[in-house]
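Chain naming here is simple, since letters A, B, ... match the order of the sequence lines and numbering starts at 1 in each. Computed from heavy atoms alone, side chains included, the values below leave out hydrogens, waters and symmetry copies.
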Amino acid sequence: MPELPEVETTRRSLAPVLEGRVVVSAMLRHPRTGRRNERSSDVADRLRGRRVVTMLRHGKFIMTEMEDDLTWVIHLGMSGRMEIAKPNDPEQPHTHFVAITDRDVAVRFVDPRTFGFIAVLTPSELATSSFRDLGPDALLELPSAKRLGERMSGRVVAIKTLLLDQRVLAGLGNIYADEVLARAKVHPRRQAGSLSEDEVKAVRRYIKPVLEAGLAHGGTSLDDLAYLLPDGRAGEYLKLLRVYGRDGEPCMTCGTTIDKVSVGGRSSHFCPNCQH
DNA sequence: AACGATCCCTGTTGGC
DNA sequence: TGCCAACAGGGATCGT
């Protein structure tokens with residue numbers, strides 16, 4: 001599942017191919033992929049003929065600065081991935097968007113479940129879109145424990161749910177949220193406001209290391225369908241996961257069987273002995 | 001305002 | 001073996 005490490009891996013792969021290049025051809029093949037533009041036809045129309053300036057990332061969004069103050073937004077959703085190919089290479093099924101650069105490189109968006117999208121927005125559109133509610137980036141702008149504690153205080157929502165709230169912190173998804181809580185030894189169902197100062201510090205302390213470890217291993221690829229790197233390789237972080245997807249297996253620390261429950265409608269994996 | 005539930009979508013999985 | 005319901009999940013939206 002593309003979360004911050006997978007999105008950042010994708011950005012780092014695309015940047016050398018796209019930055020400084022002109023998009024000579026752009027095609028949106030699936031209207032749903034362009035749903036975040038008022039007119040989905042604008043997605044391709046606004047990219048065509050324009051130069052890519054800088055590719056940035058905020059949370060799980062790739063935000064690419066284009067000529068004329070346009071922002072090219074890419075969100076991989078749940079099953080989306082980018083592919084770098086030659087224009088004549090065969091396409092994967094579910095290729096919903098294709099851009100071709102002035103160096104004759106094709107950048108394609110493959111997304112079976114269409115939860116992802118591609119948008120190209122003007123400054124005013126960007127300012128009025130939901131992106132303005134995005135919280136600080138979990139890797140680049142991680143708030144202090146004090147600040148994070150303030151965001152948690154008084155909240156009865158589960159800490160797991162709060163960590164997934166992109167308005168609080170942008171970048172964590174289901175896998176890495178579970179992994180952070182496992183290392184911090186905090187139960188995913190704990191009310192966010194009930195965490196002690198030390199527990200808030202522990203949660204905060206493990207956010208960067210977990211994300212950076214994911215990044216160092218090219219992200220997490222759960223199966224063939226899910227996220228792949230733009231060169232088609234699978235991410236290798238899967239084998240380093242401590243709790244996610246390990247329900248029924250022994251905890252690496254104490255041997256207790258890893259449990260799986262639903263928290264805020266999301267599957268949550270934890271050690272009932274280590275996490276309180 | 002805060003929170004939970006529901007929906008979108010389709011490939012995979014698990015139960016019968 | 002084959003069928004089909006359940007499941008996965010980020011984010012928008014709606015109801016309480």
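Comparing the start and finish of the helix from B:dA2-C:dT16 to B:dC16-C:dG2, five pairs each, the helix axis swings through 60°, to the nearest 10 degrees.
Between A:A170 and A:L134, the closest heavy-atom pair is CB-CG, 3.9 Å. Closest non-hydrogen pair, A:D137 versus A:E141, comes out as N-OE1, 2.6 Å. For A:S40 against A:L28, the heavy-atom pair with the smallest separation is O-CD2, 3.4 Å.
For A:R151, the salt bridge (charged side-chain N to carboxylate O under 4.0 Å, His left out) criterion is met by no residue, not counting sequence neighbours. Legend: residues meeting side chain to side chain donor-acceptor pair (under 3.5 Å) with A:E91, ordered by chain and number and at least two apart, are A:R29. Checked against side chain to side chain donor-acceptor pair (under 3.5 Å), A:Q275 has no partners two or more places apart in sequence or in another chain. With sequence neighbours excluded, the residues satisfying ring-ring contact (aromatic ring centres under 6.0 Å, His included) with A:H187 are A:F270.
Counting only residues at least two apart or on different chains, the ring pair (Phe, Tyr, Trp, His ring centres under 6.0 Å) pairs with a member in residues 14-51 of chain A are A:H30-A:H96. Within the structure, every pair that satisfies the ring pair (Phe, Tyr, Trp, His ring centres under 6.0 Å) test and touches residues 109-157 of chain A, not counting sequence neighbours, is listed here: A:F61-A:F131, A:H75-A:F117.
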For each nucleotide in nucleotides 10-16 of chain C, reading 5' to 3', give B when a protein heavy atom comes within less than 4.0 Å of its base, S when such contact involves only the sugar-phosphate, and - otherwise. BBS----
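Rounded to a whole Å, the CZ atom of A:R113 is 14 Å from the P atom of C:dC7. Regarding A:K260, its NZ atom lies at a distance of 11 Å from the C1' atom of B:dT13, rounded to whole Å. The separation between A:D247 atom CG and B:dT13 atom P is 15 Å, rounded to whole Å.
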Check: protein-nucleotides 3-5 of chain B nitrogen or oxygen pairs below 3.5 Å:
from  : atom 1 : to     : atom 2 : distance (Å)
B:dC3 : OP1    : A:V156 : N      : 2.8
B:dC3 : OP1    : A:V157 : N      : 3.3
B:dC3 : OP2    : A:R155 : NE     : 2.4
B:dC3 : OP2    : A:R155 : NH2    : 2.6

For nucleotides 14-16 of chain B, which of its nitrogen or oxygen atoms have a protein nitrogen or oxygen under 3.5 Å away, and what is each distance?
none

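Donor-acceptor pairing under 3.5 Å is lacking for the side chains of A:R108 and A:T95. Counting only N and O atoms by type, the side chains of A:S130 and A:R36 include a donor and acceptor under 3.5 Å apart.
Look at A:H94 and you'll find a side-chain N or O under 4.0 angstrom from OP1 or OP2 of B:dG11.
Only at 4.0 angstrom or more do the heavy atoms of residues 144-151 of chain A sit from any atom of DNA chain B, so none qualifies.
In this structure, CZ on A:R46 lies 6.5 Å from CG on A:L70, to the nearest 0.5 angstrom.
Salt-bridge annotation for A:K86 and A:D89: absent, with no side-chain N of the basic residue lying under 4.0 Å from a carboxylate O of the acidic one.
A continuous path of Ile, Leu, Val, Met, Phe, Trp and Tyr side chains, each step under 4.5 Å between heavy atoms, connects A:L241 with A:V203, placing both in one hydrophobic cluster.
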For residues 204-217 of chain A, which side-chain N or O atoms pair as donor and acceptor with protein atoms under 3.5 Å away, sequence neighbours left out?
from   : atom 1 : to     : atom 2 : distance (Å)
A:R204 : NE     : A:P143 : O      : 2.8
A:R204 : NH2    : A:P143 : O      : 3.4
A:H217 : ND1    : A:A213 : O      : 2.9

